[in-house]
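Have a look at the structure below before the remarks.
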Amino acid sequence: MSTPTRNRRNQPASPADRPIRPLPGPLRAALVPVAACAAALVLLTAYTATGSAGEAPARISVSDARVFRPTNAEATAALFTIRNSGGTADLLLSLDSPLLGDAMLARTVVRDGGGRMTPAGPVAVPARGAVTMDPAGLDAMILRPPQLRLGQRVPFVLRFRDSGEIRVEAVVVRPGA
């Protein structure tokens with residue numbers, strides 16, 4: 001007795017036996033852009049979920065720039081108001097003046113009834129905030145300043161970690177003004 005042979009014509013084809021047909025032209029053409037959009041949507045969702053979306057970079061502006069007319073040959077101070085209208089904080093790293101030379105960020109520290117200047121290091125400028133320099137706190141100390149006349153404009157370069165260099169002009173004023 002022989003085993004019956006299969007008649008392939010009468011049997012439905014199994015999925016493994018079916019030939020693979022290519023996608024029709026329009027479907028194949030749409031596949032790449034649809035896949036790219038899906039990948040972009042997944043990446044944007046992840047970017048938003050991590051909290052990185054919507055934070056504007058620091059936007060620094062400097063106003064109320066003034067330098068005190070020196071009353072002695074040792075030092076004077078320059079003061080600025082630094083505003084950050086952006087969504088991320090920045091750091092004021094250093095500043096100088098092409099006319100006056102190096103300036104040092106300094107802070108007045110009061111101990112035992114007396115004040116003295118100490119280096120301030122980098123100064124944080126908060127997001128959507130401001131730093132206002134004043135003679136009794138944070139200022140820019142200029143050593144060995146030349147004689148300056150009232151109303152004279154003095155160029156300064158402020159260097160920030162993220163915002164780069166910002167150039168401003170400070171007006172020479174009387175101390176305490």
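All residue numbers refer to positions in the sequence shown, counting from 1.
Annotation for A58 and A89: closest pair CB-O, 4.3 Å, computed over non-hydrogen atoms. Minimum heavy-atom separation, R69 to P175: O-CG, 3.6 Å. What you find for A73 and P145 is that their closest heavy atoms are O-CD, 3.7 Å. Between A120 and L138, the closest heavy-atom pair is CB-CD1, 3.7 Å.
Checking I142, V172, L148, L79 one by one against F68, the side-chain contact (heavy atoms from CB on, under 4.5 Å) holds for a single residue, L79. Results of the side-chain contact (heavy atoms from CB on, under 4.5 Å) test with V123 over L92, L95, I82 single out L92 as the only residue that passes.
Remark: D162 CG to L91 CG distance equals 7.5 Å, nearest 0.5 Å. The OG atom of S94 sits 9.5 Å away from the CZ atom of F160 when rounded to the nearest 0.5 Å. The CD atom of E165 sits 11.0 Å away from the CG atom of L93 when rounded to the nearest 0.5 Å. Atom OG1 of T108 sits about 5.5 Å away from atom CG of D139, to the nearest 0.5 Å. With rounding to the nearest 0.5 angstrom, the CE atom of M104 is 6.0 Å from the CG atom of L143. Separation of atoms CG (D64) and CE (M133) is listed at 11.0 Å; rounding is to 0.5 Å.
V171 and V67 end up in the same hydrophobic cluster when Ile, Leu, Val, Met, Phe, Trp and Tyr side chains are linked at under 4.5 Å. In the hydrophobic clustering of this structure, M141 does not group with V168; members are Ile, Leu, Val, Met, Phe, Trp, Tyr whose side-chain heavy atoms approach within less than 4.5 Å, directly or through other members.
Proximity of F156 to L100: side-chain heavy atoms (C-beta onward) are separated by under 4.5 Å at one or more points. Within the 4.5 Å cutoff, the side chain of V131 has heavy atoms near those of the P126 side chain.
Around the CZ atom of R144, the shell of radius 6.0 Å holds no more than 12 heavy atoms that belong to other residues, nucleotides or ligands. For E74, the CD atom sits in a loose shell: 12 or fewer heavy atoms of surrounding residues, nucleotides or ligands are nearer than 6.0 Å.
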Set out, in order, the CA-CA distance, both residues' side-chain angles and the distance that settles side chain to side chain donor-acceptor pair (under 3.5 Å) for R83 and S63, then state yes or no.
CA-CA 8 Å; R83 285 186 173 69; S63 63; 3.2 Å; yes
Would D96 and R159 satisfy salt bridge (Lys or Arg N to Asp or Glu O under 4.0 Å), going step by step from the backbone distance to the final call?
CA-CA 9 Å; D96 65 34; R159 289 177 191 81; 3.1 Å; yes
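Between the side chain of S97 and the backbone N or O of P155 there is at least one donor-acceptor pair closer than 3.5 Å. In terms of modelled atom types and a separation under 3.5 Å, the side chain of N84 and the main chain of I60 share no donor-acceptor contact.
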